[in-house]
There are 2 protein chains.
Amino acid sequence: MGTTQLDTVPEPKYWHLKTVLSQALDSEFAVGEVLPNERDLAARFGVARATLRQALEQLELEGRLQRRRGVGTTVAPPRADVAVDSVRHTWPGAPGDDWQPVDAAESDTVPADVARLLETAPGEQVHVVRRSRVTDGRPVAAELLYVPAAAVPGYDAAAALSAPGRARAVLRALQERELEGQDRTVELGSARAEDAKQLDRLPGAPVLVVTTRYVSGGRPTAVAVSTYRADTCRLTFGERDAMALAG
Amino acid sequence: MGTTQLDTVPEPKYWHLKTVLSQALDSEFAVGEVLPNERDLAARFGVARATLRQALEQLELEGRLQRRRGVGTTVAPPRADVAVDSVRHTWPGAPGDDWQPVDAAESDTVPADVARLLETAPGEQVHVVRRSRVTDGRPVAAELLYVPAAAVPGYDAAAALSAPGRARAVLRALQERELEGQDRTVELGSARAEDAKQLDRLPGAPVLVVTTRYVSGGRPTAVAVSTYRADTCRLTFGERDAMALAG
DNA sequence: TAGTGGTCTAGACCACGAT
DNA sequence: TCGTGGTCTAGACCACTAC
């Protein structure tokens with residue numbers, strides 16, 4: 001990495017800095033390597049620390065860097081491909097999905113957008129199942145699954161001994177219905193405090209929010225709100241995993 | 001919106017500020033309404049302007065606010081749903097898709113990740129078609145479509161009079177092949193200068209990058225890299241548009 | 001020209017992880 | 001305890017829009 005001063009270009013310093021750093025990452029750093037600390041880097045490029053941080057933030061957003069307080073800034077590995085619909089046309093919790101049940105609770109108030117998707121009445125009882133997804137030992141996503149109590153009459157509360165046990169019971173009850181279809185949205189969000197903790201990130205970290213609606217019996221039967229780390233994940237759809245294309 | 005001082009809470013000021021502002025937006029502001037300017041808002045909440053801006057940036061990321069230099073900060077409308085695979089199993093440029101051809105060029109160097117997906121040899125000629133997507137009169141996405149020249153022998157360069165004409169000619173040549181499948185990834189990125197201009201945003205603005213690979217004849221035949229504004233768009237997949245569910 | 005958001009500075013202190 | 005990134009301040013100037 002050079003130590004040259006930045007030119008007086010019309011583009012913002014942090015933007016130019018980001019480009020320079022990005023090239024340095026490609027050519028002079030290996031994955032996992034630690035960068036010099038922010039104060040040194042700023043001095044080396046002749047900018048204020050805040051300006052340097054603006055460049056680092058962009059690179060972290062793009063998944064190029066990983067910063068940890070008290071530790072340092074390291075070069076991030078390429079984003080992990082995470083299949084979103086590899087087990088298409090199956091309920092959440094079907095054999096082979098990559099999610100771990102965490103716990104479940106019952107609630108009579110759900111977020112407004114979820115209630116709209118589920119077409120539930122205000123005050124209607126809804127199971128809220130929390131799950132988490134781990135790949136390569138690292139947490140990549142947190143999920144809240146909403147299932148109206150009326151949709152899973154087979155749910156056996158008596159069998160719910162542990163917290164994950166309650167979650168599994170709800171998921172088990174779901175499998176008994178015939179899944180007719182699903183639809184999905186993806187949008188950018190920022191991690192709520194709760195999700196951030198589960199994802200090992202700070203609150204406000206950028207996340208990809210995947211909202212899936214499951215339909216059976218002509219009615220929406222479950223809504224999953226899955227929160228993926230945007231810095232480390234790339235969501236994959238369709239057949240890329242299954243297809244036997246070379247490369 | 002209140003003018004109360006912030007408590008000395010353990011959570012960061014900008015985070016608390018974001019929550020307060022978010023609630024104020026819900027209860028006291030209408031879509032399109034302009035907020036007080038940043039200097040006034042900062043004074044009102046007793047924080048430095050930089051701290052206030054950190055909160056505004058988060059809210060803009062979440063699509064709650066829209067900021068324009070020289071104009072002000074306004075309350076953003078809800079995100080627009082944008083169908084990503086409504087015309088599933090058709091080539092780009094098929095009748096009914098929402099994209100406008102802009103221009104086309106030929107290149108012998110494509111980004112490394114695109115070359116890998118296309119399985120092209122270094123130096124191989126590739127058509128690069130630029131398209132843009134507009135909904136409700138606003139630009140929501142920019143796209144670069146890569147098609148190896150060898151895959152579209154029917155492409156008629158002689159018919160290419162205007163820039164959009166060249167683009168249409170490549171797309172037309174694509175339709176003559178049988179599409180066998182497609183796969184797709186979605187990840188977070190930041191707008192390159194070129195895309196930012198087309199999307200009416202500043203460089204570095206957060207975008208959702210959708211990479212679609214089209215397969216025909218057992219080989220990857222086209223790769224589309226579509227860049228959607230992350231602040232104003234929600235991507236929809238599957239049947240939500242088509243299904244006749246109430247709500 | 002006036003007012004807005006965008007960039008940048010040079011400091012300060014805090015929270016966290018490793019030692 | 002020390003070094004790291006995270007937060008915050010109080011200014012300054014710039015680029016852009018609208019009038």
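In the text below, chain A, chain B and the rest are named by the order of the sequence lines, each starting its count at 1.
- A nucleotide of DNA chain C counts as in contact with chain A when one of its atoms lies under 4.0 Å from a heavy atom; the first and last such, 5' to 3', are dT7(C) to dG17(C).
- Within 4.0 Å (heavy atoms only), Arg53(B) reaches at least one base atom of the nucleic acid.
- Taking the charged nitrogens against the carboxylate oxygens, Arg192(B) and Glu194(B) do have a contact shorter than 4.0 Å, which makes a salt bridge.
- Asp40(A) places its CG atom 7 Å from the P atom of dT4(D), with the value rounded to the nearest Å.
- When side chains are defined from C-beta on, Val20(B) counts as touching His16(B), because their heavy atoms get closer than 4.5 Å.
- Using bins of under 30°, 30° to 60° and over 60° for the plane-to-plane angle, the ring pair Phe237(A)/Phe237(B) lands in the parallel bin.
- Annotation: of the two residues near DNA chain D, Leu52(B) and Arg39(B), the 5′-most nearest-nucleotide partner is Leu52(B).
- A salt bridge links Arg201(A) with Glu60(A): the distance from a Lys NZ or Arg NE/NH1/NH2 to an Asp or Glu carboxylate oxygen falls below 4.0 Å.
- Put simply, OH on Tyr14(A) is 18 Å from P on dC14(D), counting in whole angstrom units.
- If you take CD of Gln54(B) and C1' of dG5(D), they are 13 Å apart, rounded to a whole angstrom.
- What separates NZ of Lys13(A) from P of dC14(D) is a distance of 12 Å, to the nearest Å.
- Under the 4.0 Å criterion applied to side-chain N and carboxylate O atoms, Arg168(B) and Asp103(B) are not assigned as salt-bridge partners.
- Checked for salt-bridge contact, Glu143(B) and Arg133(B) miss the test: no charged N lies under 4.0 Å from a carboxylate O.
- With the nearest nucleotide of DNA chain C identified for both Val71(B) and Arg49(A), Val71(B) has the one nearer the 5' end.
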